[in-house]
Amino acid sequence: DAKTTQPTSMDCAEGRAANLPCNHSTISGNEYVYWYRQIHSQGPQYIIHGLKNNETNEMASLIITEDRKSSTLILPHATLRDTAVYYCIVRLLYNFNKFYFGSGTKLNVKP
Amino acid sequence: ETGVTQTPRHLVMGMTNKKSLKCEQHLGHNAMYWYKQSAKKPLELMFVYNFKEQTENNSVPSRFSPECPNSSHLFLHLHTLQPEDSALYLCASSQGTPRKGDTEAFFGQGTRLTVV
């Protein structure tokens, strides 16, 4: 699976949009981009995933560049409860052996 | 509540003890995973089971012994652990066969293990 690179930490003001970037320049054509988050000492929570089109659900939006070498997770109105470590993972869709997590981005939402 | 339940939530054990961690899911998933998360480190994939068969063992020491009696239950048997094995142990499950719109992994809340 392709490796991902994320900033170590980011700050965001409460109520503003949080934009979390991820670089995956070695992604192959049949690999998907997944996002998870982990609130302190809890199990990771699935957020969203996509292949090449932008995706939106009730939690977030995922913007994937046309060359698929990077993506951005957008939390439209960040709240204090969104403070967490956000992980960007690239994997084959049904490759159940390959859910590998990197270091992620610690998002600090501040009042 | 994710549908994946881990017990116990906290465990303190001595280095000579034998204990087991339990994971249960009723999501109809066929793949189950054990992860280890040490302090300030990324999650480390330990074991993967698909349809009760172990399909991945990431060079985990033999003092950790997984067991998957059926697709809904996963155990991690622990014996003669070391203090450096203290960590958060997470279980996850996902669909093990292609099924549209159902590919993400669901995680339990984890077991916080302390080896003394």
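Throughout, protein chains are lettered first and strands after them, A, B, ... in sequence-line order, and every chain is numbered starting at 1.
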So, do A:F101 and B:F107 have ring centers that fall under 6.0 Å from each other?
yes
Between chain A and each of B:A105, B:C91, B:G110, B:G108, count heavy-atom pairs under 4.5 Å; write down the option with the most.
B:A105
Side chain, backbone, both or neither: which part of A:Q45 has a non-hydrogen atom closer than 4.5 Å to chain B?
neither
Engaged part of B:L43 at the chain A interface, taking heavy atoms whose separation is under 4.5 Å:
both
Closest approach of A:E31 to A:L51 (non-hydrogen atoms, all atoms of both residues):
O-CD1, 3.5 Å
With no hydrogens and no angle check, do the side chains of B:Y33 and B:S94 hold a donor and an acceptor under 3.5 Å apart?
yes
To the nearest 0.5 Å, how far apart are OG1 in A:T72 and CH2 in A:W35?
7.5 Å
Residue part contacting chain A, namely of B:Q6, when any heavy atom lies under 4.5 Å:
neither
